[in-house]
There are 2 protein chains.
Amino acid sequence: MSLGATATERVVLFPEGDPLRLASGRTLAPVEVAFQTYGTLSPQADNAVFVCHALTGDAHAAGTTPDGRVGWWDNLIGPGKPVDTDRFFVISPNLLGGCQGTTGPASTDPATGRPYGLDFPLIQMTDFVTVHRSLMHHLGVRRLAAAVGGSLGGMQVVQWMAETPEEVANAVVVAASSRLSAQNIAFTAVAREAIMRDPDFADGRYLESDRRPDIGLMIARMMAHITYLSDQALTDKFDRRLQHGATPALGFDVDFQVESYLRHQGESFLDRFDALSYLYLTRVMDYYDPFADPAAVGRIAEAGTQALVVSFDSDWRFSTAHSRRIVRTLEHGRVPVSFREISSPAGHDSFLLTPPGYHETVRAFLDRAYDERGARAA
Amino acid sequence: MSLGATATERVVLFPEGDPLRLASGRTLAPVEVAFQTYGTLSPQADNAVFVCHALTGDAHAAGTTPDGRVGWWDNLIGPGKPVDTDRFFVISPNLLGGCQGTTGPASTDPATGRPYGLDFPLIQMTDFVTVHRSLMHHLGVRRLAAAVGGSLGGMQVVQWMAETPEEVANAVVVAASSRLSAQNIAFTAVAREAIMRDPDFADGRYLESDRRPDIGLMIARMMAHITYLSDQALTDKFDRRLQHGATPALGFDVDFQVESYLRHQGESFLDRFDALSYLYLTRVMDYYDPFADPAAVGRIAEAGTQALVVSFDSDWRFSTAHSRRIVRTLEHGRVPVSFREISSPAGHDSFLLTPPGYHETVRAFLDRAYDERGARAA
């Protein structure tokens, strides 16, 4: 069963008179947030599940848009699904700094009447959580039955736990990290170089012209896409097969199927994503370090938050070692945490798929969360 | 002991009247080859070792140039070293299609008087071997005591074995492959997109202007460089350390040390490499498939060539699985082959370093090759 048609709403959470105060000390207003909700909030407001999206996701996590686009996590969220909308009230926003309805660097700067561009303030993971919390409160929720996220989404969940764990009864952290490695940073650094050195980037002022840093953004996406899949997944999907017949064209045009696939991934990305958002959202990950504050884990333990951490054995972008680090940190602080490494050939993108054991594990964790909803840890 | 000063020589191996016949059917002339030699050829001409360089290498494998630059494999080649120049006569050319002395796409096309650009014919691994063989013959050698190469260099060695194994008594194949994976092709495909979509690439005619596709080539190199190192090597080297002090700058400028390192790798590459050569040499690897001819292994077995295959456990660009495939193929054809996976944290670049057991293994193999020099298999 699927949710059927779903629609995106928008709300100004931080108007000009009451701006968003960022961790950097800067303020931002207005901040409008695009979001979707599924299911019904209980009278006790104790059945809310907050879904945090990954780098290029959007508010449309489940159901189908009027033009037929299926939500990016529709296999997980819906009636009878692991995030069961017959029981949970699900909240799914677009991220601050994004480009799919929520205020970001492509939005209009009220001080100038022009798009922010690089005048948009640098944001940090905690700023995502500040906006998420505001949306949650706006919707009448004070405490989440669960926060759920994969990849960058999982990082937001960890940040939320680390800051105000009393608001997060249960946390589902999939294919995420609490601390990017040098290799992780290296990949995003090259992506940003590709974008910012594209002559059409124009110091971030391209929105005021009819040109876009499409080449840079496309290269960034193609490279990132390789890291989202495992070596084996690419072999299974394409191996060395050619686009046309068995005879290689022996030239520089697209010849291998994997080349065609990557080019398509790069080109189609241009229709749905903004280069400035790519800069801002990747940089958030580089600086992210939620357990730098040693008191964070103690707060989580005290609040009674329970965590589920899931990794995939073929994920080399945020490998099981990243998840194990989160688990170790929580365990050392006596936070109840379940950990499961799922076997899946698909690499990092497994979090969007249904390898055996993955959804079953999330379902069991959330079933318990539902049964225990409203209960507070002693 | 080191070789001291070494110098690069040049020779026209294929003059206009006797052009190089490429596998594609096209011809190329003149073909000039830059090379270095170390040590002395024996009167029997039975002590020659041919060194094949990797993607961005050059003829200067060992010793020191007059301006103080040390050869890229100086730790392996020299008096008393594993490739012992007191005993072996070592030949080290720059590749066809390269940009460091040997004819390539930046050379002048005699038909037009302009640089070839993309009019340079597409080359294949077998064309490298044709030129190598010609250089060998020019130097008075009919049969090599050994051919030695790492990465793309190792692929040339496998190609040579597969074609004319009677000329290669021993083959040392380090961190190489006999067949690129979809992921391997994907990485080179993105690199080529970055170069060819750079507006300054000008359809390959940039050499006739004062501009170069520097951004594309820099991005290609930065991305490739990540794949040459292991995740662990990058962590050991940089972890999350900042360029300046302990407080992050929280911006898009270089802030983490790994960013600064990568940018330096990308920028300094522009001084020594040409974007067209990058296109041509990477494409050679994509199409490479030396055992597509099922008779190749039988020829190697008959010729009595002995092989040493070496991989490194942290190499994820050309992992041990690639080397095992070569070993399996040779073993099935009853070719005598030794295989060693070396433990090294440095990733693919280990082939340029000295992790324990690596040079010892090469030395033992080449010591035996020296003792057996001149002997022909029955």
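Letters A, B, ... are given to chains in the order of the sequence lines, protein chains preceding strands, and every chain is numbered from 1. Heavy atoms only: backbone and side chains are in, while hydrogens, waters and symmetry mates are out.
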Colleague: Counting N and O atoms only, with roles assigned by atom type, does the side chain of B:Arg283 sit under 3.5 Å from a partner on the main chain of A:Gly251, one being a donor and the other an acceptor?
Modeller: yes
Colleague: Please report the closest heavy-atom contact between A:Phe252 and B:Leu279, naming both atoms and the distance.
Modeller: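 Where A:Phe252 meets B:Leu279 most closely, the heavy atoms are CE2-O, 3.3 Å.
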Colleague: Provide the closest heavy-atom pair for B:Ile215 versus A:Pro199 in the form atom of the first, atom of the second, distance.
Modeller: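 B:Ile215 and A:Pro199 have their closest heavy atoms at CD1-CD, 4.4 Å.
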Colleague: By a 4.5 Å heavy-atom criterion (distance strictly below it), what part of B:Leu122 contacts chain A: side chain, backbone, both, or neither?
Modeller: side chain
Colleague: Look at A:Gly266, A:Ala194, A:Ser230 and state which one has the largest set of heavy-atom pairs under 4.5 Å with chain B.
Modeller: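 That would be A:Ala194.
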Colleague: Taking CZ in A:Arg212 as the centre, count heavy atoms belonging to other residues, nucleotides or ligands within less than 6.0 Å. Is the count above 12?
Modeller: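 Yes, enclosed.
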Colleague: If you count the non-hydrogen atoms of other residues, nucleotides and ligands that lie under 6.0 Å from CZ in A:Arg211, is the total more than 12?
Modeller: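 No, because the 6.0 Å sphere around CZ of A:Arg211 holds 12 heavy atoms or fewer from other groups.
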Colleague: Of all of A:Leu234, A:Thr282, A:Leu262, A:Ile226, which one pairs up most often with chain B through heavy atoms under 4.5 Å apart?
Modeller: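 Result: the option with the highest number of such pairs is A:Ile226.
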Colleague: Pick whichever of B:Met222, B:His225, B:Gln183 has the most heavy-atom pairs under 4.5 Å with chain A.
Modeller: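 Option with the top pair count is B:Gln183.
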Colleague: Does CZ belonging to B:Arg21 count more than 12 external heavy atoms closer than 6.0 Å?
Modeller: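 No.
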Colleague: With a 4.5 angstrom heavy-atom cut-off, which part of B:Gln232 approaches chain A: side chain, backbone, both or neither?
Modeller: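 For B:Gln232, there is no contact with chain A at all, as no heavy atom is under 4.5 Å.
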Colleague: Measure A:Gln124 against the heavy atoms of chain B and call it side chain, backbone, both or neither at under 4.5 Å.
Modeller: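 For A:Gln124, side-chain heavy atoms alone lie under 4.5 Å from chain B.
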Colleague: Would you mind checking which part of B:Tyr261 comes under 4.5 Å of any heavy atom in chain A, side chain (CB onward), backbone (N, CA, C, O), both or neither?
Modeller: neither
Colleague: Give me the atom names and distance for the closest heavy-atom approach of A:Arg240 to B:Asp286.
Modeller: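 Heavy-atom minimum between the residues: NH2-O, 2.9 Å.
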Colleague: Between B:Arg197 and chain A, which part of the residue has a heavy atom less than 4.5 Å away: side chain, backbone, both or neither?
Modeller: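 Both parts, heavy atoms under 4.5 Å.
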Colleague: Are the side chains of B:Ile185 and A:Glu259 in touch, meaning some heavy atoms are under 4.5 Å apart?
Modeller: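 They are in side-chain contact.
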Colleague: Using a cut-off of under 4.5 Å on heavy-atom pairs, state which of B:Phe256, B:Phe238, B:Trp316 scores highest against chain A.
Modeller: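 Option with the top pair count is B:Phe256.
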Colleague: Which heavy atom of A:Thr235 sits nearest to which heavy atom of B:Ala182, and what is that distance?
Modeller: N-CB, 4.1 Å
Colleague: For A:Tyr287 and B:Leu250, work out which heavy atoms get closest and say how close.
Modeller: OH-N, 3.1 Å
Colleague: By a 4.5 Å heavy-atom criterion (distance strictly below it), what part of B:Leu180 contacts chain A: side chain, backbone, both, or neither?
Modeller: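 Both backbone and side chain.
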Colleague: Is B:Arg179 close to chain A through its backbone or its side chain, or both, or neither, when contacts mean heavy atoms under 4.5 Å?
Modeller: both
Colleague: Rounded to the nearest 0.5 Å, what separates atom CZ in A:Phe187 from atom OG1 in B:Thr227?
Modeller: 7.5 Å
Colleague: Let me know if B:Asp200 has heavy atoms under 4.5 Å from chain A in its side chain, its backbone, both or neither.
Modeller: neither
Colleague: Just how far is it from atom CG of A:Asp231 to atom OG of B:Ser319, taken to the nearest 0.5 Å?
Modeller: 6.5 Å
Colleague: For A:Ile219, is it the side chain, the backbone, both, or neither that has a heavy atom closer than 4.5 Å to a heavy atom of chain B?
Modeller: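 For A:Ile219, the contact with chain B is made by backbone and side chain together.
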Colleague: Quick one: which of B:Asn184, B:Thr188, B:Asp289, B:Asp255 has the most heavy-atom pairs under 4.5 Å with chain A, could you say?
Modeller: B:Asp255
